[in-house]
Amino acid sequence: MKYPNIKEGVFVSRLNRFAAEVQIDGAVEKCHVKNTGRLRELLVPGAVCYLTEPGGSVRVTRYDLVAVKKGTGTVNIDSMAPNQVAGEYLRALYPHAEIRPETKYGDSRFDFMIKKTNGILYVEVKGVTLNRNGIALFPDAPTERGVKHIRELIACKKAGHDAMLLFVVAMQGVQKVMPNRETHAAFADALADALCAGVRLAAVDCYVTPDSLTAGKTLAVEL
């Protein structure tokens, strides 16, 4: 995926889950943070960051904060981006399959449904932004919604369908993905249950530039 426009800024402070102050062209602007996670290791005063200017008359803020420079690399924090990358990745992985986004299944809704010759695969996507000593950890904040999604994938698998939880790591420089048990033990437990139930656990890192995000190499998921 690629952003149509990008602007460089310097992070000043986070006001709340949805807003931050960023210095752009010498002036401090309030901008929309496109991720409600904690992002404490990324959104630090003085960090170089990247923003888009979507336009539109009904917007409260002029800019969206989508990426942050961390060390020698860049981390994409746009919570909408992992699904777009996942769509590109899955279409390359299953070039002859029918792939539908946002597909309803029972009382659930999965990010993707892949109709293959040998059955249907339901896929739920999770974007990862936390890197601790070369290990990508998810989640960076408790996520009851994430636990619910895993339970739904397990139910889907028990009903006879294929199921996958795909972690899209919005950075490079990590060796594997692990559940962040310290932050949310229930998510880690649900992930272990999913593996036992036959749900596929997959992960891919990303090539990140200030204005783009592209699927890179596959990563191991370890519990």
Less than 4.5 Å apart, any side-chain heavy atom of Phe112 and any of Thr103? no
Enter the distance from Lys70:NZ to Ile77:CD1 here, rounded to the nearest 0.5 Å. 12.5 Å
Please report the shortest heavy-atom distance between Thr129 and Asn76, naming the atom on each side. CG2-O, 3.5 Å
Separation between CZ of Arg151 and OG of Ser108, rounded to the nearest 0.5 Å: 13.0 Å
Side chain to side chain donor-acceptor pair (under 3.5 Å) for Lys126 and His149? Distances and angles first, verdict last. CA-CA 10 Å; Lys126 299 298 175 191; His149 287 157; 2.6 Å; yes
May I ask you to decide if Thr143's main-chain N or O and His184's side chain share a donor-acceptor pair within less than 3.5 Å? yes
Does Arg100, at its CZ atom, have more than 12 non-hydrogen atoms belonging to other residues, nucleotides or ligands within less than 6.0 Å? no
Which heavy atom of Tyr105 sits nearest a heavy atom of Ala159, and at what distance? OH-CB, 3.1 Å
Linked, directly or transitively: Val125 and Val199 (ILVMFWY side chains, under 4.5 Å): no
Could you go through the side-chain contact (heavy atoms from CB on, under 4.5 Å) check for Val75 and Val208 one step at a time? CA-CA 7 Å; Val75 182; Val208 184; over 6 Å; no
For the side chain of Asp205 and the backbone of Val169, is there at least one donor-acceptor N/O pair under 3.5 Å apart? no
Taking His32 for the side chain and Phe18 for the main chain, is one N or O donor matched with an acceptor at less than 3.5 Å? yes
Can you confirm whether Asn133 is buried at CG, in the sense that more than 12 heavy atoms of other residues, nucleotides or ligands lie under 6.0 Å from that atom? no
Are Val22 and Ile6 connected in a single hydrophobic cluster, I mean Ile/Leu/Val/Met/Phe/Trp/Tyr linked by side-chain heavy atoms less than 4.5 Å apart? no
Beyond-backbone contact of Thr214 with Val85, side-chain heavy atoms, under 4.5 angstrom: no
Any side-chain to backbone donor/acceptor pair from Arg14 onto Asn16? Under 3.5 Å, distance only. yes
Mutual orientation of the aromatic rings belonging to Tyr122 and Phe110 [parallel < 30°, tilted 30-60°, perpendicular > 60°]: tilted
Please determine whether residues Val10 and Leu43 belong to a single hydrophobic cluster, defined as Ile, Leu, Val, Met, Phe, Trp and Tyr linked transitively by side-chain heavy-atom distances below 4.5 Å. no
Tell me, do Val123 and Ile114 make a side-chain contact under 4.5 Å, heavy atoms counted? yes
Would you compute the distance between atom CG of Asn131 and atom CG of Asp140 and round it to the nearest 0.5 angstrom? 12.5 Å
Derivation of the side-chain contact (heavy atoms from CB on, under 4.5 Å) call for Val44 and Phe11: CA-CA 7 Å; Val44 296; Phe11 185 79; 5.7 Å; no
Non-hydrogen atoms of Ile135 and Val174 that approach each other most closely: C-CG1, 4.4 Å
Give a yes or no on this: more than 12 heavy atoms of other residues, nucleotides or ligands lie within 6.0 Å of atom NZ of Lys116. yes
Are Lys148 and Glu152 ion-paired here, with the side-chain N under 4.0 Å from a carboxylate O? yes
Same cluster for Phe167 and Met171 if Ile/Leu/Val/Met/Phe/Trp/Tyr side chains link at under 4.5 Å? yes
On a heavy-atom basis, which atom in Ala86 and which in Leu166 lie closest, and how many Å separate them? CB-CD2, 3.9 Å
No-hydrogen, no-angle side-chain donor-acceptor test under 3.5 Å, Tyr50 and Asp64: no
So how far is it from Leu137 CG to Arg181 CZ, rounded to the nearest 0.5 Å? 12.5 Å
Using a strict 4.0 Å threshold on nitrogen-to-oxygen distance, state whether Glu222 and Lys176 make a salt bridge. yes
Are there more than 12 heavy atoms of other residues, nucleotides or ligands under 6.0 Å from atom NZ of Lys217? yes
Any side-chain heavy-atom pair from Thr61 and Glu29 closer than 4.5 angstrom? no
Do Ile150 and Phe187 come within less than 4.5 Å of each other through their side chains, counting heavy atoms only? yes
Less than 4.0 Å between a side-chain N and a carboxylate O, is that true for Glu53 and Lys7? no
d(Met1 CE, Asp211 CG) to nearest 0.5 Å is 9.5 Å
Atom CD of Glu102 and atom CG of Asp111: how far apart are they, to the nearest 0.5 Å? 5.5 Å
Quick one: does Arg62's side chain get under 4.5 Å of Cys31's, heavy atoms only? no
What are the two closest non-hydrogen atoms of Val221 and Ala203, and how far apart are they? CG2-CB, 3.8 Å
Could you walk me through whether Leu130 and Phe138 pass the side-chain contact (heavy atoms from CB on, under 4.5 Å) test, one step at a time? CA-CA 7 Å; Leu130 177 58; Phe138 185 90; over 6 Å; no
Between Leu165 and Leu223, is there shared hydrophobic-cluster membership here, with clusters defined by ILVMFWY side-chain heavy atoms closer than 4.5 Å? yes
With the side chain counted from C-beta on, respond yes when Met164 and Asp162 share a heavy-atom pair under 4.5 Å apart, and no when they do not. no
Could you pull out the closest heavy-atom pair between Val128 and Ala136, with the gap in Å? CG1-CB, 3.9 Å
Please confirm whether the backbone N or O of Lys34 pairs with a side-chain atom of Ser79, one donor and one acceptor, at under 3.5 Å? yes
When you measure from the side chain of Asn180 to the backbone of Pro139, do you find a donor-acceptor pair of N or O atoms at a distance under 3.5 Å? yes
Between Arg40 and Leu42, is a side-chain contact (heavy atoms from CB on, under 4.5 Å) present by the stated rule, with each step listed? CA-CA 5 Å; Arg40 289 172 179 165; Leu42 296 173; over 6 Å; no
